[in-house]
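One structure below.
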Amino acid sequence: MALGNHSTMMEFILLGLSSDPHIQALLFVLFLLVYLLTSTGNMTMMLVIRADSHLHTPMYYFLSHLSFLDLCFSSATVRKMLENLLSKRKTISVESCLAQVFFVFITAGTEAYLFSVMAYDRYVAICQPLLYGQVVSKQRYILLVWGSWSLGILNTLINVPLATKMGFCDTHIIPHYSCELPSLFLLSCSDVSTNLLVMFWSLIPHGLVTSLSIFSYACIVSSILSITSTSGRSKAFSTCSSHLTTVILFYASGFLRYFTPTSGSSLELVFSVLYSVVIPRRNPLTHSRRNKEVKAALQRTSGKYLQCFLRQNKEIMTSNCKRNT
C-alpha cells in the first residue's frame with residue numbers, strides 16, 4: 001500500500017459509541033431499525049415522485065434528489081457502524097476509511113447546497129408566487145440541482161486526493177464511529193497545514209450557501225407574519241418550521257463536526273448522530289407527513305401497483321385453467 005511516503009498504517013480502530021457489549025447490542029437494534037426506516041422512506045419517496053405525474057414539479061424534483069442523497073449518506077456511515085457494533089475488532093482499512101470520507105464529502109456537501117436551493121424555491125413560491133413559473137422554470141431548476149451536485153463533487157475532488165497523500169504512523173485510534181477528514185488530520189504524522197487550509201477555503205461556499213438559506217427563511221417568516229388569517233398563518237408556520245428545524249440541525253451539526261476538534265465526547269457523538277443518522281431519517285417524514293399531495297400520490301401509486309399485480313395474477317390463473325382444460 002502506498003498512500004503516501006510516510007504511510008505505514010494498514011487500518012484504523014473506530015471506538016464507536018460505546019464499549020459496553022450490552023449497550024452495543026441495544027444500539028445495533030436501534031440503528032438497524034433507523035437505517036431500515038431511512039432506506040424504506042427515501043426509496044419510497046423516490047419511487048412515488050417518479051411514478052406519479054402530479055409530483056413532476058420543481059419542489060418534488062429537489063426532494064427526489066434529496067432522498068437519493070440521504071440514502072447514500074446514511075449508507076456510507078451507518079452500515080460500517082452497524083458492522084462494528086457486532087464486531088470485537090472494530091477496524092477499518094485506510095482505503096475504506098478514505099472511501100468513506102469520499103462518499104460523505106460528496107453526499108453531505110451536495111445536500112448542503114440542495115437545502116439552499118430548496119429554501120430559495122420556497123422563498124419564491126411564498127414571497128413571489130406570481131413570478132414562480134418564470135423564476136423557477138424547468139431549465140433553471142434542473143440547472144440548480146446539477147449545480148449543487150457539481151459543487152459537491154468539486155469540493156470532494158479538491159480535498160480527498162490531498163488526504164490520500166497524508167502519512168499515518170503510530171496513532172491509529174479514531175474516537176468516533178465513522179471516518180471524516182477532521183479525524184484523519186489528528187492521526188497524520190505528516191504536515192496537514194495545506195489540507196486544513198484547502199478544506200477551510202473550500203468550505204467557504206458552504207457558509208455563503210448557508211447565509212442564502214437563512215435569508216430565504218427570514219423572508220418566508222416575514223411573509224408568513226404578514227398573513228392576516230390566524231389559521232393560514234399557523235398552517236404556514238407548521239409547514240415551514242419542520243423544514244427550518246431540519247436545515248438548522250443539518251448545518252449546525254455539520255459545522256460542529258468539521259470545525260471543532262475530534263475528541264469523542266458524548267456531545268460530539270450526539271451531534272454526529274444527528275448529522276448522519278437522524279436527519280436522513282427525518283427528511284422523508286418532514287416532507288411527506290403533512291403533505292396531502294404526497295399522501296394522495298402514495299395512494300394512487302399503491303393502487304396502481306395493486307391493480308397491476310391483480311391483473312397479472314388473473315392472467316396467470318386464466319392461462320393455467322386453459323392449459324388444464
Side-chain angles (χ1 to χ4, degrees), residues 58-59 61-70 72-74 76-77 98-124 135-137 139-166 178-185 192-220 243-262 271-272 274-276 279-280 283:
M59 188 60 185
Y61 183 73
F62 300 148
L63 282 177
S64 64
H65 281 264
L66 181 64
S67 294
F68 178 73
L69 286 167
D70 283 333
C72 295
F73 184 25
S74 180
T77 54
L98 289 169
Q100 192 175 67
V101 169
F102 179 85
F103 286 110
V104 168
F105 241 87
I106 284 184
T107 53
T110 304
E111 188 162 334
Y113 291 116
L114 191 60
F115 270 132
S116 291
V117 169
M118 294 172 68
Y120 175 70
D121 174 80
R122 291 299 85 198
Y123 159 73
V124 177
V135 175
V136 191
S137 61
Q139 182 179 6
R140 187 167 295 176
Y141 71 70
I142 291 175
L143 186 63
L144 285 170
V145 167
W146 290 113
S148 300
W149 275 101
S150 299
L151 289 171
I153 293 170
L154 178 63
N155 199 21
T156 304
L157 295 179
I158 290 173
N159 285 276
V160 177
L162 277 176
T164 63
K165 297 178 181 179
M166 293 191 300
S178 66
C179 291
E180 294 197 43
L181 275 185
S183 300
L184 297 185
F185 289 157
V192 296
S193 57
T194 302
N195 301 71
L196 287 168
L197 190 64
V198 168
M199 188 184 76
F200 174 77
W201 284 106
S202 67
L203 291 179
I204 285 180
H206 287 286
L208 297 175
V209 162
T210 304
S211 301
L212 176 62
S213 297
I214 294 170
F215 173 77
S216 298
Y217 279 111
C219 293
I220 289 171
H243 296 185
L244 184 58
T245 301
T246 301
V247 170
I248 290 173
L249 286 175
F250 180 83
Y251 284 135
S253 55
F255 178 84
L256 290 171
R257 181 71 178 99
Y258 276 84
F259 288 98
T260 57
T262 302
F271 277 111
S272 294
L274 281 174
Y275 164 67
S276 60
I279 290 175
N283 280 334

Worksheet item: Considering all heavy atoms of both residues, which atom of Phe250 and which atom of Ala108 are nearest to each other, and what is their separation?
Response: CZ-O, 3.6 Å
Worksheet item: For the residue pair Pro205 and Ser202, what are the closest heavy atoms and their distance?
Response: CD-O, 3.2 Å
With no hydrogens and no angle check, is any side-chain donor or acceptor of [X] less than 3.5 Å from a backbone partner on [Y]?
X	Y	answer
Tyr120	Ser216	no
Ser74	Asp70	no
Ser183	Cys179	no

Residues in side chain to side chain donor-acceptor pair (under 3.5 Å) contact with [X], at least two apart in sequence or another chain:
X	answer
Asn195	none
Ser178	none
Thr156	none
Gln100	none

Worksheet item: Is any side-chain heavy atom of Ile158 less than 4.5 Å from a side-chain heavy atom of Leu154?
Response: yes
Discussion item. Just so I know, are the side chains of Asn159 and Val101 near enough to count as touching, which here means a heavy-atom distance under 4.5 Å?
Written reply: no
[X]: side chain to side chain contact (heavy atoms under 4.5 Å, CB included) partners, not counting sequence neighbours:
X	answer
Phe103	Ala76
Leu196	Phe185, Val192
Leu143	none

Fill in: Any residue meeting ring-ring contact (aromatic ring centres under 6.0 Å, His included) with Tyr141, in chain and number order, not counting sequence neighbours
Tyr61
Worksheet item: Between Trp149 and Phe68, how do the two ring planes meet: parallel, tilted or perpendicular, split at 30° and 60°?
Response: tilted
Item to complete: Sort and list the pairs that fulfil side-chain hydrogen bond (donor to acceptor under 3.5 Å, both in side chains) and have at least one residue in residues 103-115, not counting sequence neighbours.
Response: Glu111-Asn283
Discussion item. Pair Phe105, Leu181 - check side-chain contact (heavy atoms from CB on, under 4.5 Å), show working.
Written reply: CA-CA 9 Å; Phe105 241 87; Leu181 275 185; 3.3 Å; yes
